[in-house]
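Just so it is clear, the model here is predicted, and its values are computed rather than measured.
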There are 2 protein chains.
Amino acid sequence: MTTQPQASASNSHEGRPTLAAVAARAGVSPSTASLAFSGQGPVSDSTRERVLAAARELNYGGPDPLAQSLRRGRSGIVGALIPARIGVSFRDPVLIQTLDGLAEEISVIGAGLLLMPDLGDGVVSVTTAPVDAVVLVGCNADAIETLEVLRRRNIPIVQIEGPGDSGVHTVSVDNRGGSRLLAQHLADLGHTRVALVTLGLDRNRALAPLTAEREAGATVTTTLERIAGVREVYPNATGMIAAGSRSDAGREAGLRLLDVAADVRPTAILAQSDLLAAGVIAAAEELGLRVPEDVSVVGFDGIRVDGLDRQLTTVWQPAQGKGAAAGRAVVEMLAGETPAPVAFEVRFQPGDTTGPPPA
Amino acid sequence: MTTQPQASASNSHEGRPTLAAVAARAGVSPSTASLAFSGQGPVSDSTRERVLAAARELNYGGPDPLAQSLRRGRSGIVGALIPARIGVSFRDPVLIQTLDGLAEEISVIGAGLLLMPDLGDGVVSVTTAPVDAVVLVGCNADAIETLEVLRRRNIPIVQIEGPGDSGVHTVSVDNRGGSRLLAQHLADLGHTRVALVTLGLDRNRALAPLTAEREAGATVTTTLERIAGVREVYPNATGMIAAGSRSDAGREAGLRLLDVAADVRPTAILAQSDLLAAGVIAAAEELGLRVPEDVSVVGFDGIRVDGLDRQLTTVWQPAQGKGAAAGRAVVEMLAGETPAPVAFEVRFQPGDTTGPPPA
DNA sequence: GCACGAGGTCGAATCGATTCGATCCTCGCC
DNA sequence: GGCGAGGATCGAATCGATTCGACCTCGTGC
């Protein structure tokens with residue numbers, strides 16, 4: 001018959017006083033106590049005072065959020081489905097800015113952001129997490145299927161950058177148009193031999209040549225749209241799939257594309273992100289090639305690349321704006337409204353990393 | 001008397017079937033239906049089948065997480081208090097790795113991570129968020145006071161890097177020892193004129209000289225500890241407070257320290273993070289100074305700095321390990337145990353950015 | 001002096017599940 | 001044929017708050 005101290009702690013809410021206990025001590029009904037705390041109904045000052053005093057005496061920390069959630073039917077939490085584990089996903093500055101905008105916007109209804117990494121194995125957390133809505137941030141198309149549970153639960157879903165035909169409210173940017181602008185810019189300069197350095201096509205993250213076969217199995221629409229934009233100008237353009245979104249990955253891909261004989265070397269490289277472009281520039285310099293005299297490089301995103309002292313030719317996209325738009329959509333949907341789909345434009349941003357092809 | 005369609009949607013759980021409804025349709029009691037879903041009790045196959053069929057017919061999406069949370073007294077959510085808004089906090093790779101380790105470790109009990117940016121104005125969300133525990137990730141000391149509510153609620157709190165005397169379970173690294181190692185390394189090389197580039201001392205983020213006055217008002221213990229480690233070797237060391245944690249900030253600070261006459265210029269700079277160090281190196285190169293021939297530079301963290309092709313002399317700290325340790329502590333505390341405090345060692349990592357002072 | 005109104009308080013239902021103890025039924029064994 | 005054991009099912013309490021309608025009381029106006 002030993003006492004079991006850990007039993008008392010196993011439920012963290014062990015000896016915690018309830019609102020009812022506070023009410024009893026203050027000599028009022030639970031309903032009145034609730035009113036006194038929330039400030040919703042008419043409560044005399046003296047009563048409120050008595051209730052608050054009782055709460056203090058009992059060391060009551062305020063109404064239990066769990067109980068409130070159940071009653072209200074809202075948890076005040078929005079889930080953010082991100083494409084990979086935190087350490088990987090958050091290497092992408094665009095993703096971070098998007099989440100920043102999202103968090104900002106849902107904070108107006110007091111909601112917080114729950115990170116849900118989409119690890120391939122049938123998203124367990126989605127099924128059991130108390131979320132009021134879910135936002136897919138840069139997620140693969142296959143993620144949407146796993147969200148059927150949420151659909152059944154009638155939980156609002158918003159996707160940022162994804163297939164437009166999924167029946168899910170979508171916030172998008174003109175990836176295709178932006179890429180076309182960049183490709184056209186290079187075409188106008190006279191480039192004919194261009195190569196791509198793309199972001200991932202699917203969950204598989206490895207440096208690999210961009211083949212028709214791999215494209216066919218792609219699930220990341222952003223990557224595909226940006227490829228399509230380039231192909232409007234350079235129908236046969238191909239290149240390398242980078243192993244990630246960091247500049248290291250861009251550097252590796254750049255080395256593979258540029259470390260060849262001058263007569264087959266591309267005169268311009270279209271990297272699908274600014275970080276990748278920075279890596280490509282590093283690779284070029286490493287090989288003794290000057291940018292843009294020997295090779296032109298363009299990016300995508302319009303972020304300030306930390307440590308890059310060049311002015312990258314790129315297109316700017318409203319990363320934070322995308323997140324904010326998704327956040328507003330969530331808020332509207334939770335209010336019972338039906339938000340209009342949002343499609344952002346991009347802006348061509350000339351820099352000093354492009355020029356005419358070498359003679 | 002117009003119908004109000006939006007009223008039906010205002011509560012997202014509007015027409016959603018309950019477990020009781022499913023049970024009724026299957027012709028069993030709610031308790032049996034619950035058992036059938038959770039798989040806890042002995043239920044005959046035929047009954048389970050009938051319940052699941054009924055659920056399918058009613059389009060029932062499974063038990064409501066909110067109700068489950070209330071009953072269980074657990075939400076399955078751990079709050080991560082981060083020092084600033086997402087877009088700012090997540091520029092720090094150490095923070096990201098720490099969160100990564102934390103998320104990984106709490107996922108073993110199926111918990112998710114709720115981001116709670118600590119915006120100065122009395123953390124509202126902390127009070128009302130349904131969290132089972134809270135982890136302070138690189139937060140200011142003043143944040144702890146705002147957590148009194150959680151203390152009253154008996155909610156486990158773990159801090160990563162913070163004042164050790166706060167009565168909160170702490171996961172720490174040997175910031176002081178690591179800095180001392182670096183300083184000693186420089187002293188051994190013969191340096192006498194060294195300067196610091198520190199991380200922020202408080203919420204205020206601006207480039208400024210490190211003065212005794214500013215140090216006195218500091219709230220970020222990590223910064224103070226690293227300063228203290230250096231002072232064990234160089235008692236009068238001073239320098240600049242960087243305006244952030246990106247290499248840009250390090251570059252600015254570096255320019256201010258190095259763009260002076262050679263006879264007063266420091267021969268070595270101790271940056272408090274690898275990112276800052278990369279910026280300092282960039283500043284040196286910009287000024288035509290060679291590293292390490294003209295000036296030595298050390299960092300802190302041991303991360304792979306994206307785009308830096310040098311081998312930085314630094315100390316490595318287990319960023320992910322810190323998060324993981326905090327995660328394990330949370331798990332233990334939720335199980336009613338009392339975890340032992342964790343203090344990590346750091347590891348000196350020699351590189352090619354340090355050498356003897358110029359003659 | 002009486003009736004009406006408004007402010008303050010209370011009771012009880014409700015949110016949607018989980019779980020303990022009790023009940024019932026069936027099968028097996030003596 | 002009767003009795004005990006064990007597996008399946010059910011009832012009802014519980015988690016902790018919110019909220020609607022009812023009720024009471026006091027003040028005011030006619």
Can you name the residues that form a side-chain hydrogen bond (donor to acceptor under 3.5 Å, both in side chains) with B:S34, not counting sequence neighbours?
-> none
So which pairs with a foot in residues 19-28 of chain A pass side chain to side chain donor-acceptor pair (under 3.5 Å), sequence neighbours left out?
-> A:R25-A:E57
Quick one: label A:P63 by what it contacts on the DNA or RNA (base, sugar-phosphate, nothing), any heavy atom closer than 4.0 Å.
-> sugar-phosphate
If you fit an axis to the five pairs at each end of the helix from C:dG1-D:dC30 to C:dC30-D:dG1, how big is the angle between those two axes, to 10 degrees?
-> 50°
Tell me which residues in residues 22-40 of chain B put a heavy atom below 4.0 Å from DNA chain D, sorted by number, or none.
-> B:G27, B:V28, B:S29, B:S31, B:T32
Applying side-chain contact (heavy atoms from CB on, under 4.5 Å) to B:P339 and not counting sequence neighbours gives B:H169, B:A329, B:E332, B:M333
Counterpart residues, side-chain contact (heavy atoms from CB on, under 4.5 Å), relative to B:D202 (two or more places apart) = B:N204, B:T219
Does A:Y60 make a side-chain N or O approach to OP1 or OP2 of D:dG16 shorter than 4.0 Å?
-> no
Of all residues at least two apart in sequence or in a different chain, which pass the salt bridge (charged side-chain N to carboxylate O under 4.0 Å, His left out) check with B:R328?
-> B:E105
Expected list for residues 43-59 of chain B near DNA chain D, using heavy atoms below 4.0 Å, is B:V43, B:S44, B:T47
Kindly write out the residues that satisfy side-chain contact (heavy atoms from CB on, under 4.5 Å) with B:T47, not counting sequence neighbours, or none if the list is empty.
-> B:V28, B:T32, B:V43, B:S44, B:R50, B:V51
Which ring-ring contact (aromatic ring centres under 6.0 Å, His included) pairs, counting each pair once, include a residue from residues 34-70 of chain A, with sequence neighbours left out?
-> A:F37-A:Y60
Dump every N/O contact between nucleotides 21-28 of chain D and the protein below 3.5 Å, one line per pair.
none

When you measure from the side chain of A:S75 to the backbone N and O of A:S69, does any donor-acceptor pair fall under 3.5 Å?
-> no
What residues, two or more places apart in sequence or in another chain, satisfy side-chain hydrogen bond (donor to acceptor under 3.5 Å, both in side chains) together with A:S31?
-> A:S29
